[in-house]
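Every number for a ligand or one of its atoms is a count from 1 in the order of the listing.
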Amino acid sequence: MIEGYIRDVPDFPKPGILFKDITPLLSDPVGLAKSIDLLAEVVDPASYDLVCGIESRGFIFGTALANKIGKGFIPIRKPGKLPWKTASESYELEYGTDTIEIHVDAVNETVKRVLVVDDLLATGGTMEAALKLVRKIGGDPVACAVVIELGFLPGREKLGDIPVHALVRV
Ligand code: AMP
């Protein structure tokens with residue numbers, strides 16, 4: 001069902017990449033509602049306290065999910081965007097490295113079980129760094145949820161024991 005709303009764009013942002021465009025899913029009220037409903041079903045909301053989204057498409061799904069289930073949302077952002085004290089984590093890209101950041105007080109002793117949300121899991125490098133960041137600030141990542149998983153890449157193997165839930169596996 002969700003698959004039908006995802007547009008494949010060849011050679012974006014560079015030759016050889018098949019980009020999974022989620023904008024048709026977002027612009028369709030049925031597709032959007034269905035994707036958020038499914039995210040609320042794939043991981044029991046009783047198992048986590050907060051939803052964490054990875055910039056920037058993880059914000060869209062993560063915030064909508066958090067609102068639907070009555071929980072708070074915390075952002076993981078690109079460097080230099082968060083105004084308060086941050087923890088950061090760098091990870092390898094095909095060429096070079098990337099860094100992501102989180103506010104150090106995004107979790108606390110009583111509100112710390114986190115579901116990490118992004119639009120897509122590819123190599124798993126971004127999600128692995130996000131899980132490390134959550135742990136760095138004292139959080140307990142309980143699971144990851146993504147709309148799309150590129151099943152031909154070993155992304156989930158990078159994430160150890162943390163369960164990964166994907167609405168669509170391609
Ligand atoms: P990775 O760290 O390799 O798992 O890449 C995941 C991140 O890159 C996610 O935030 C995605 O939004 C983005 N991404 C990677 N590959 C694609 C793709 N083929 N189509 C759309 N987004 C992608």
Side-chain angles (χ1 to χ4, degrees), residues 1-28 31-32 34-36 38-40 42-43 48 50-66 73-82 86-103 106 114-137 139 141-170:
M1 186 286 166
I2 299 293
E3 299 92 301
Y5 294 101
I6 295 163
R7 174 165 55 197
D8 284 351
V9 183
D11 300 319
F12 182 88
K14 54 185 181 183
I17 305 282
L18 183 63
F19 193 86
K20 296 287 177 186
D21 178 16
I22 49 132
T23 61
L25 175 68
L26 297 178
S27 63
D28 186 281
L32 178 59
K34 187 71 187 165
S35 62
I36 304 306
L38 288 171
L39 287 171
V42 289
V43 186
Y48 57 92
L50 287 165
V51 179
C52 174
I54 305 173
E55 186 169 359
S56 59
R57 289 178 295 256
F59 292 178
I60 302 168
F61 295 104
T63 311
L65 170 64
F73 173 84
I74 56 178
I76 284 182
R77 296 212 63 181
K78 295 181 174 139
K81 299 285 187 188
L82 288 169
T86 57
S88 43
E89 185 68 38
S90 295
Y91 56 100
E92 302 287 323
L93 297 175
E94 199 180 345
Y95 302 104
T97 62
D98 223 337
T99 301
I100 50 177
E101 298 186 338
I102 195 169
H103 273 152
V114 177
L115 173 72
V116 185
V117 174
D118 203 357
D119 67 326
L120 184 141
L121 184 76
T123 66
T126 310
M127 191 58 87
E128 182 186 27
L131 297 178
K132 283 186 185 163
L133 264 188
V134 169
R135 291 194 184 100
K136 243 183 200 176
I137 61 165
V142 298
C144 312
V146 294
V147 178
I148 307 159
E149 177 182 5
L150 302 186
F152 54 88
L153 291 172
R156 61 170 65 218
E157 284 153 34
K158 271 210 182 108
L159 308 178
D161 294 338
I162 303 293
V164 180
H165 301 271
L167 305 189
V168 180
R169 203 154 182 255
V170 293

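Every atom of ligand 1 is numbered from 1 in the order shown, and the set under 4.0 Å from a heavy atom of Lys20 is 18 (C), 20 (N), 21 (C). For ligand 1 and Thr123, the ligand atoms under 4.0 Å from any heavy atom of the residue are 1 (P), 2 (O), 3 (O), 4 (O). In summary, the atoms of ligand 1 found under 4.0 Å from a heavy atom of Gly125, numbered by their order in the structure, are 2 (O), 4 (O). Heavy-atom contacts of Asp119 reach the following atoms of ligand 1: 9 (C), 10 (O), 11 (C), 12 (O) (cutoff under 4.0 Å). Taking every heavy atom of Thr126 and a limit of under 4.0 angstrom, the matching atoms of ligand 1 come to 1 (P), 2 (O), 5 (O), 6 (C), 7 (C). Shown in contact with Asp118 at under 4.0 Å from a heavy atom are these atoms of ligand 1, numbered in order with element: 9 (C), 10 (O).
With Ser35 as the partner, the side-chain contact (heavy atoms from CB on, under 4.5 Å) test is satisfied by one option alone out of Leu25, Val168, Leu26: Leu25.
The shortest heavy-atom distance from Arg57 to ligand 1 is under 4.0 Å. Heavy-atom separations between Leu18 and ligand 1 include at least one value shorter than 4.0 Å. Residue-ligand proximity: Gly124 is placed with a non-hydrogen atom under 4.0 Å from ligand 1.
Side-chain N or O atoms of Lys136 include one that pairs as donor or acceptor with a backbone N or O of Ser88 at under 3.5 Å. When atom types are taken as modelled, the side chain of Asp11 and the backbone of Gly16 share a donor-acceptor pair closer than 3.5 angstrom.
Lys158 is listed as a side-chain neighbour of Thr123, based on a closest heavy-atom distance under 4.5 Å. In this structure the side chain of Ile60 never reaches within 4.5 angstrom of the side chain of Asp119, judged on heavy atoms.
The heavy atom nearest to atom 14 (N) of ligand 1, considering only Leu159, Leu93, Leu120, Leu121, is found in Leu120.
Remark: Lys81 NZ is loosely packed, at most 12 non-hydrogen atoms of other residues, nucleotides or ligands lying under 6.0 Å away.
Less than 4.0 angstrom separates atom 8 (O) of ligand 1 from none of the non-hydrogen atoms of the protein.
Shortest non-hydrogen contact noted between Leu121 and Gly155 is CD2-C, 4.1 Å.
Backbone and side-chain nitrogen or oxygen atoms of Ile17 are examined, and none is located within less than 3.5 angstrom of a nitrogen or oxygen of ligand 1.
Listed by chain and residue number, Phe59 satisfy the ring pair (Phe, Tyr, Trp, His ring centres under 6.0 Å) test with Phe73 (two or more places apart in sequence, or in another chain).
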